[in-house]
Peer 1: 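Okay, handing you the structure first.
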Amino acid sequence: MERQLKMNFPLGIPGFEAYKDWIFIPEDEAPLAQLICMENEYIGFVLARPETYFPKYLEDLELDVESRKVLEIKDDTKIEVWAILCLADDIKQTTINLKAPIIINLENQKGYQIILNEEKYSSRELLFVQQDQTSAEERGKE
Amino acid sequence: MLVLSRKVNEKIKIDEHIEITVVSIAGDVVKIGIEAPKDVRILRSEVYEEISRQNREAAENIKGKASSGTLDELRKKMIE
């Protein structure tokens, strides 16, 4: 069964600050989810789990005091990390926003798009680049 | 907008807990130090604006593409 969770974004989402309530629909098979605005179903995002293509991403990620406060996160709170995809006609051009991941607190169903101050990740990383690099390396070994 | 003149090392206090210091001025670059509680979000404005623009573009792009099969194609590629 597909999960559908009502999520509250206390500060909205940058560009859509007025909308606080969203439906979060993670998929079972693919590391994908949709985030649909409750007040306007025509506003929505496709999200992906960043660690699928950027394995070190979660290690690098540190939640600051401000985001912990917004999301009411304690040390043992279960959270999920997602990132917004920007789709393109050519799916190889799909980008993922690693600069501003969406953090979800599953216990109180609150969400927050944090913005990382470090320059390591951009808001328009190509989603499939790393994988292609890995497969190129594997091919090189053969 | 409230406009105040400050020299290097002079400060501005905002409310109880936030203090802004002009650290240095070199040409057209002003270095600013900010002391604020850790639960206050401080960002360069253009970074927030870039994320807003990026979000609007992402939301705009799924309107047509989700139905035109781009999402299905993406899903297939991610599962394989």
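Letters go in sequence order (proteins before strands), and every chain restarts at 1.
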Peer 1: Using non-hydrogen atoms only, which part of A:Q113 is less than 4.5 Å away from chain B: side chain, backbone, both, or neither?
Peer 2: both

Peer 1: Is there a path from A:I103 to A:I13 through hydrophobic residues (I, L, V, M, F, W, Y) whose side chains come within less than 4.5 Å of each other?
Peer 2: no

Peer 1: Under a 4.5 Å heavy-atom cut-off, does chain B meet the side chain of A:D64, its backbone, both or neither?
Peer 2: neither

Peer 1: Would you call A:T95 and B:Q54 a side-chain contact if the rule is heavy atoms closer than 4.5 Å?
Peer 2: yes

Peer 1: For residues A:V70 and A:F9: do they belong to one hydrophobic cluster (side chain heavy atoms under 4.5 Å, members Ile, Leu, Val, Met, Phe, Trp, Tyr)?
Peer 2: no

Peer 1: Does anything in residues 45-52 of chain B reach chain A? List residues with heavy atoms under 4.5 Å apart, or say none.
Peer 2: B:V47, B:Y48, B:E50, B:I51, B:S52

Peer 1: Around atom NZ of A:K69, are there more than 12 heavy atoms of other residues, nucleotides or ligands at under 6.0 Å?
Peer 2: no

Peer 1: Quick check: closest heavy atoms across B:N61 and A:L87, and the distance to 0.1 Å?
Peer 2: ND2-O, 2.9 Å

Peer 1: Do A:L116 and A:L127 sit in one hydrophobic cluster, given that two such residues count as connected whenever their side-chain heavy atoms are within less than 4.5 Å of each other, even indirectly?
Peer 2: yes

Peer 1: For chain A, find its close neighbours in residues 21-37 of chain B: heavy-atom separation under 4.5 Å, sorted by number, or none.
Peer 2: none

Peer 1: Out of B:K38, B:R44, B:E73, B:M78, return the one with the most heavy atom pairs under 4.5 angstrom to chain A.
Peer 2: B:M78

Peer 1: Quick check on the hydrophobic clustering: are B:I18 and B:L2 connected, directly or via other members, by side-chain heavy-atom contacts under 4.5 Å?
Peer 2: yes

Peer 1: Which heavy atom in B:K77 sits nearest to a heavy atom in A:Y53, and how many Å separate them?
Peer 2: O-OH, 4.2 Å

Peer 1: What part of A:F45 lies closer than 4.5 angstrom to a heavy atom of chain B: side chain, backbone, both or neither?
Peer 2: both

Peer 1: Of the backbone (N, CA, C, O) and the side chain (C-beta and beyond), which part of A:L85 lies under 4.5 Å from a heavy atom of chain B, both, or neither?
Peer 2: both

Peer 1: I need the residue from A:G15, A:A30, A:A100, A:P14 with the largest number of non-hydrogen atom pairs under 4.5 Å to chain B.
Peer 2: A:P14

Peer 1: Are B:I42 and A:E66 packed together at the side-chain level, in the sense that at least one heavy-atom pair is separated by less than 4.5 angstrom?
Peer 2: no

Peer 1: Can you say whether A:S67 sits under 4.5 Å from chain B via the side chain, the backbone, both, or neither, judging by heavy atoms?
Peer 2: neither

Peer 1: Should the heavy atoms of other residues, nucleotides or ligands under 6.0 Å from NZ of A:K74 be counted, would the total exceed 12?
Peer 2: no

Peer 1: Using the rule that Ile, Leu, Val, Met, Phe, Trp and Tyr join whenever any side-chain heavy atoms are under 4.5 Å apart, tell me whether A:F54 and A:V46 fall into a single cluster.
Peer 2: yes

Peer 1: Would you compute the distance between atom SG of A:C86 and atom CZ of B:R56 and round it to the nearest 0.5 angstrom?
Peer 2: 13.0 Å

Peer 1: Using non-hydrogen atoms only, which part of A:T94 is less than 4.5 Å away from chain B: side chain, backbone, both, or neither?
Peer 2: side chain

Peer 1: Side chain, backbone, both or neither: which part of B:I79 has a heavy atom under 4.5 Å from chain A?
Peer 2: side chain

Peer 1: Which region of A:L32, side chain (C-beta onward) or backbone (N, CA, C, O), has a non-hydrogen atom less than 4.5 Å from a non-hydrogen atom of chain B, or is it both or neither?
Peer 2: side chain

